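In this text the structure is predicted, and so the values were computed from the model without any measurement. Only this structure's heavy atoms are used, side chains among them; waters, hydrogens and symmetry mates stay out. Sequence lines set the chain letters: A, B, ... in the order given, protein chains first and strands last, and positions in each chain run from 1.
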Amino acid sequence: MDNITKTNLPILFERFSEVFAEQKDALIALDSKVGDSDLGLTMAKGFAAATAAVSALEDASVETQLKTAGVAIARAAPSTMGTLMATGFMRGSAAVKDCEMLGTVQLADFWVAFRDGVAQRGRVQVGDKTVVDVLHPIAETMIKQAESGAALTEALHIAYASASEALEATKDLVAQHGKAAAFQEKTRGIQDAGSTVAVILIKAMADFVSEL
Amino acid sequence: MDNITKTNLPILFERFSEVFAEQKDALIALDSKVGDSDLGLTMAKGFAAATAAVSALEDASVETQLKTAGVAIARAAPSTMGTLMATGFMRGSAAVKDCEMLGTVQLADFWVAFRDGVAQRGRVQVGDKTVVDVLHPIAETMIKQAESGAALTEALHIAYASASEALEATKDLVAQHGKAAAFQEKTRGIQDAGSTVAVILIKAMADFVSEL
Amino acid sequence: MKKFLNNPENFVDEMLEGIYLAHPEVTNVANDLRCFVRTEPVKGKVGLVTGGGSGHLPLFLGYVGDNMLDGAGVGGVFQSPSSEQILEVTKYVDQGAGVLYLYGNYSGDLINFDMAGELADFDGIKTATVVGCDDVASSVVGEEHKRRGVAGIFFLYKAAGAAAAQMKSLDEVARIAEKASVRTRTIGVALSPCIVPEIGKPSFNIGEDEMEIGMGIHGENGITRKKMAAADDVVDEMMALILAEQSYETESDVAVLINGLGATPLEELYVIYRRTAQVLKQAGANIRHVFIGEFATSMEMAGASISVLKLDDELEPLIAAGANTPFFKHIKF
Amino acid sequence: MKKFLNNPENFVDEMLEGIYLAHPEVTNVANDLRCFVRTEPVKGKVGLVTGGGSGHLPLFLGYVGDNMLDGAGVGGVFQSPSSEQILEVTKYVDQGAGVLYLYGNYSGDLINFDMAGELADFDGIKTATVVGCDDVASSVVGEEHKRRGVAGIFFLYKAAGAAAAQMKSLDEVARIAEKASVRTRTIGVALSPCIVPEIGKPSFNIGEDEMEIGMGIHGENGITRKKMAAADDVVDEMMALILAEQSYETESDVAVLINGLGATPLEELYVIYRRTAQVLKQAGANIRHVFIGEFATSMEMAGASISVLKLDDELEPLIAAGANTPFFKHIKF
Ligand SMILES: Nc1ncnc2c1ncn2[C@@H]1O[C@H](COP(=O)(O)OP(=O)(O)O)[C@@H](O)[C@H]1O
Ligand SMILES: Nc1ncnc2c1ncn2[C@@H]1O[C@H](COP(=O)(O)OP(=O)(O)O)[C@@H](O)[C@H]1O
Ligand SMILES: [Mg+2]
Ligand SMILES: [Mg+2]
Ligand SMILES: [Mg+2]
Ligand SMILES: [Mg+2]
């Protein structure tokens with residue numbers, strides 16, 4: 001089936017938890033270069049909490065599940081990326097209010113709201129070397145795929161490809177925000193840690209839908 | 001002449017100034033072992049001030065000159081030894097109140113009052129490894145010399161000899177007072193700095209009287 | 001690591017336990033030690049909430065008290081509090097007149113306070129936000145909104161706190177805080193790094209004979225690193241940066257804050273003030289209020305900062321007003 | 001040497017210039033910056049005069065103000081003021097009711113205060129003396145009069161200051177100060193040395209991982225030097241020394257002072273207080289008053305001290321009383 005339903009969502013979050021647990025040390029290492037080394041820890045904690053909160057719900061709507069995940073991440077991971085991911089899920093949930101299932105069109109809305117929420121909360125623009133540099137191509141790709149009527153699996157894989165490319169491109173940028181900003185020119189050449197998180201998310205989502 | 005008169009006193013103080021200026025570095029070195037290295041400085045300053053104050057007086061009595069010296073030292077040298085020397089001169093001056101000149105008997109009274117004043121002000125006893133360990137034999141020797149009717153030159157030289165001996169003996173003691181007390185056992189083997197000052201004083205006085 | 005602590009992970013919570021034991025006039029809500037509030041909120045008053053990382057005492061929680069703030073979200077050392085903690089503090093502090101968020105301009109804090117404000121809005125609590133961005137070393141003129149918030153936030157607390165105590169409206173208190181923010185400039189100098197307990201060693205170094213002018217309170221890059229100089233010369237160099245942005249021709253009244261970063265002795269802060277006062281007078285300023293001591297620290301960092309607030313007739317009496325918190329007491333003369 | 005200073009010889013005088021510029025409520029007499037007094041003496045009140053070396057701010061001069069002291073002789077760093085300076089302060093401070101000398105038990109200070117008292121006597125001014133000797137590490141029980149005076153002298157200032165403000169007689173104020181002295185115990189721990197400006201380097205060392213329990217505020221020998229331990233264990237070891245000399249069976253009310261020596265962050269002082277409060281409660285004490293911060297420092301030395309004053313019905317309200325000096329403000333609740 002080429003849709004995510006409210007029954008699938010708890011399993012998707014479990015998948016998120018698993019990959020962030022796997023990527024924990026890699027993210028810590030990335031964040032240690034020009035940050036405070038907490039990113040692996042906070043993402044693992046945040047998504048574990050989201051999974052627990054979502055699976056504790058009973059027969060909840062897509063919107064409620066996404067919102068619950070956001071609130072759980074905010075509580076468990078009060079770091080920059082924790083709160084931004086929480087914001088993303090909360091804004092995304094509002095964008096798919098009343099949707100019974102998430103296809104390409106709905107997930108395009110979700111990722112646009114996710115990106116806009118993060119950019120607004122973080123007060124950043126594309127090119128500032130933040131997670132938004134990857135969220136932006138994800139959202140834009142999803143819109144295009146929705147317009148061209150692409151199936152969800154295909155759309156997500158294309159979005160993932162554009163995200164990977166954008167992640168690679170963050171190496172050429174100089175950080176403008178957060179702890180990394182203090183390192184200025186030294187951040188050039190280093191892949192942005194928060195952007196890596198966004199790639200992990202879209203890849204896990206694409207893989208999950210492929211297997212549905 | 002075997003007496004110190006009010007006309008001699010300003011010259012005696014000049015002599016004191018000279019020897020403390022000469023001994024400045026030696027006293028600094030001594031005080032640096034278990035103290036704060038200020039003794040050479042404060043004694044040179046104190047006696048220079050005493051000399052200036054005494055020579056500024058016009059036809060003053062023995063008592064006034066000695067007291068003026070004490071006050072000047074207190075003002076110029078607010079260190080432990082500075083204030084103690086000031087106390088000694090002030091108490092000594094009171095002991096020779098109304099004396100026209102200082103012979104063996106009067107100087108015995110002077111040194112007894114000097115010693116008692118310092119011991120009382122410093123709250124110390126003989127054997128505590130302080131200046132009193134040298135002031136004490138000076139006072140006691142002067143009393144004996146006065147009782148036996150010795151001439152001043154002779155009395156002062158005997159007092160100087162006993163002072164030198166007592167100074168040497170301070171090496172065997174452990175400091176109980178002042179900054180040195182914190183060094184405790186480490187003070188053993190080291191000659192007491194304040195006691196050295198007392199020896200310098202009595203020697204200068206003896207030499208001065210010899211030359212009268 | 002030479003610090004008085006037990007398990008580094010418990011450092012912040014044990015510090016808070018000590019504070020609650022010592023000062024019954026403050027307490028915590030939501031069963032979370034890090035949701036720090038005044039024990040007795042003032043009915044009908046605009047609530048003032050601050051927050052930020054630990055390691056800066058008396059900043060931030062130290063200014064919660066009479067005529068100052070009402071609550072603070074307490075983060076880990078140099079970490080933001082969570083939006084949920086800020087929300088819980090907000091809910092307790094709100095007395096129907098709304099809540100002003102007043103904190104330093106750092107990404108993590110901005111994000112979490114904004115989030116908390118959004119959540120508070122769902123609960124029908126009106127919030128407004130003013131951030132301290134007084135550090136002249138952290139962005140050029142024209143980009144003031146990008147500047148870090150450092151010790152000068154004390155003046156924002158003082159002014160807004162006194163205004164709120166006069167039962168002014170949320171808009172009014174926010175306007176006054178914003179005005180104090182726009183009129184405050186700070187420049188710091190660091191002589192040594194500090195140690196975050198969970199890290200256990202200095203996160204950067206400053207050479208034996210070096211200082212860094214403009215370094216941030218978490219060790220962020222400053223303007224220049226150079227050989228340590230005589231106090232008067234250091235002050236002159238620092239004050240030049242402030243004087244480049246403030247003139248005392250039309251309004252000459254100022255308030256000055258000389259802040260120690262942690263290890264610098266109070267004696268040295270007065271040596272710094274002596275020169276600062278000379279420089280300010282020379283520039284035509286009239287020093288109306290002076291605060292000297294530790295107001296915003298970086299653990300045991302050695303160094304100091306100078307903040308100058310240009311007063312006007314509205315701000316002056318608010319800075320003069322009395323205040324009483326467990327960490328800061330000001331008696332109006 | 002990383003310090004904010006100009007010519008080290010001028011350090012104390014420049015610090016004083018900074019203080020006088022900042023705080024018009026204090027001034028100097030006899031054309032000597034080091035003769036430190038309240039600008040407005042209180043008619044008919046017993047004068048309280050303290051003094052000692054510089055480098056310990058807010059000790060000593062920082063406690064000159066309302067309901068506290070009236071004057072201080074200011075010495076060089078870690079040096080006694082001169083008897084003449086003390087005398088000048090005494091003359092200004094005397095308002096006909098006599099003057100109490102209240103200072104720490106160090107040779108140089110004893111000698112100079114005694115001398116000043118003798119000179120004051122010539123001028124017809126009645127003086128009395130009480131010295132702080134609260135440091136349990138510096139002499140055994142039975143030899144308490146030989147102990148060094150450290151941070152606990154704050155309690156003597158507080159009690160005597162409040163008593164004098166009630167216009168009690170010199171004998172009464174001296175009796176109360178003496179009672180506070182007898183009932184106060186302090187124990188300190190040092191983690192690092194400090195630098196006297198004129199010397200320019202640390203005058204002793206403490207190993208990277210060591211602490212010295214009982215070290216004096218000028219670096220005098222303590223009781224044991226050992227490996228740095230967890231905060232709770234350090235406090236337990238320190239408090240054992242105080243509990244060996246105080247019991248809370250018949251009288252249980254106490255006042256506690258947690259004092260930072262200079263470089264130790266306030267956060268850590270609260271971690272220390274947390275455990276101190278636990279230990280005291282366990283021992284049956286009832287903590288009525290708590291003071292936490294820097295009250296008696298040693299320049300930039302890292303370390304802390306704990307002082308405990310056993311209260312009685314006479315001392316309690318005196319410790320509770322308000323006070324207002326440029327460096328210490330206490331608001332009575
Ligand atoms: N203002 C911001 N807006 C959006 N993303 C940001 C912002 N600041 C930092 N980031 C992202 O957050 C990542 C770091 O996240 P995290 O480790 O949680 O930060 P911190 O440890 O500083 O709280 C960065 O790599 C960047 O992608
Ligand atoms: N309480 C005391 N009574 C008498 N003499 C003392 C006392 N304390 C120290 N001394 C003497 O003072 C000498 C040190 O003098 P000084 O350098 O002036 O002391 P400080 O530098 O500590 O003020 C010691 O060598 C000792 O002889
Ligand atoms: Mg991080
Ligand atoms: Mg972080
Ligand atoms: Mg000496
Ligand atoms: Mg300090």
Side-chain angles (χ1 to χ4, degrees), chain C residues 1-7 11-12 14-19 21-23 25 54-55 57-58 62 77 191-192 194 208-211 228 230-232 234-235 258 262-275 277 287 290 292-294 297 299-300 302 304 324 327 329-331 333, chain D residues 1-7 11-12 14-19 21-23 25 54-55 57-58 62 77 191-192 194 208-211 228 230-232 234-235 258 262-275 277 287 290 292-294 297 299-300 302 304 324 327 329-331 333:
Chain C
M1 173 180 39
K2 289 229 214 151
K3 279 180 154 313
F4 294 107
L5 48 78
N6 298 298
N7 184 337
F11 182 68
V12 171
E14 291 183 353
M15 164 198 89
L16 286 167
E17 284 174 25
I19 291 174
L21 279 168
H23 308 295
E25 60 272 41
S54 290
L57 280 183
V77 174
L191 305 190
S192 81
C194 62
E208 218 0 271
D209 202 28
E210 281 180 344
M211 62 175 173
M228 184 69 201
D232 286 357
V234 177
V235 171
I258 308 290
T264 289
L266 198 42
E267 284 79 1
E268 296 177 28
L269 299 184
Y270 277 94
V271 171
I272 290 174
Y273 177 64
R274 171 182 168 276
R275 184 62 174 188
I287 303 174
V290 187
I292 302 174
E294 293 182 358
T297 62
M299 303 293 290
E300 66 281 89
N324 184 17
F327 292 76
K329 295 178 198 303
H330 187 61
I331 296 174
F333 289 98
Chain D
M1 171 181 40
K2 287 230 216 150
K3 280 180 153 318
F4 295 107
L5 48 77
N6 299 299
N7 185 337
F11 182 66
V12 170
E14 290 183 353
M15 164 198 90
L16 286 167
E17 283 173 24
I19 292 174
L21 279 168
H23 309 295
E25 60 272 43
S54 290
L57 281 183
V77 174
L191 306 191
S192 81
C194 62
E208 217 1 90
D209 202 28
E210 281 180 343
M211 61 176 171
M228 185 67 202
D232 287 357
V234 177
V235 171
I258 308 291
T264 289
L266 198 43
E267 285 80 1
E268 297 177 29
L269 299 183
Y270 278 93
V271 170
I272 290 174
Y273 177 64
R274 172 182 167 276
R275 184 62 174 187
I287 303 174
V290 187
I292 302 175
E294 293 183 357
T297 62
M299 303 293 289
E300 66 280 89
N324 184 16
F327 292 77
K329 296 180 196 300
H330 187 61
I331 296 174
F333 288 99

**Request:** Under 4.5 Å heavy-atom distance to chain D, tell me which part of C:I272 shows up: side chain, backbone, both or neither.
**Result:** side chain

**Asked** Between D:D232 (side chain) and C:N6 (backbone), is there a donor-acceptor pair under 3.5 Å?
**Response** no

**Asked** Checking D:M228 against chain C: side chain, backbone, both or neither under 4.5 Å from a heavy atom?
**Response** side chain

**Nearest non-hydrogen partners of D:E210 and C:K2, listed with the distance** = O-NZ, 3.0 Å

**Proximal component of C:I292, with respect to chain D [non-hydrogen, under 4.5 Å]** = side chain

**Fill in**
When the 4.5 angstrom heavy-atom criterion is applied to C:A277 and chain D, the contacting part is side chain

**Asked** Out of D:P58, D:P265, D:G293, which one racks up the most heavy-atom pairs below 4.5 Å with chain C?
**Response** D:P265

**Prompt:** Within the distance-only criterion (no hydrogens, no angle test), does the side chain of C:K329 pair as donor or acceptor with the backbone N or O of D:K329 below 3.5 angstrom?
**Reply:** no

**Prompt:** Between C:S192, C:C194, C:S54, C:G55, which residue shows the highest count of heavy-atom pairs closer than 4.5 Å to chain D?
**Reply:** C:G55

**Request:** For the pair C:E268 (side chain) and D:F4 (backbone), establish whether a donor and an acceptor sit closer than 3.5 Å, ignoring hydrogens and angles.
**Result:** yes

**Asked** If every non-hydrogen atom of C:V290 is compared with every non-hydrogen atom of D:A22, which pair is closest and at what distance?
**Response** CG1-CB, 4.1 Å

**Request:** Among D:V235, D:V271, D:L16, D:N7, single out the residue with the greatest number of heavy-atom pairs under 4.5 Å to chain C.
**Result:** D:V271

**Request:** Please state whether the side chain, the backbone, both or neither of C:F327 comes within less than 4.5 Å of a heavy atom of chain D.
**Result:** side chain

**Asked** Between C:L266, C:L269, C:V77, C:I258, which residue shows the highest count of heavy-atom pairs closer than 4.5 Å to chain D?
**Response** C:L266

**Request:** Run the ring-centre check on D:Y270 versus C:H23 and record whether the distance is less than 6.0 Å.
**Result:** yes

**Asked** D:E267 side chain to C:L57 main-chain N or O, any donor-acceptor pair under 3.5 Å?
**Response** yes

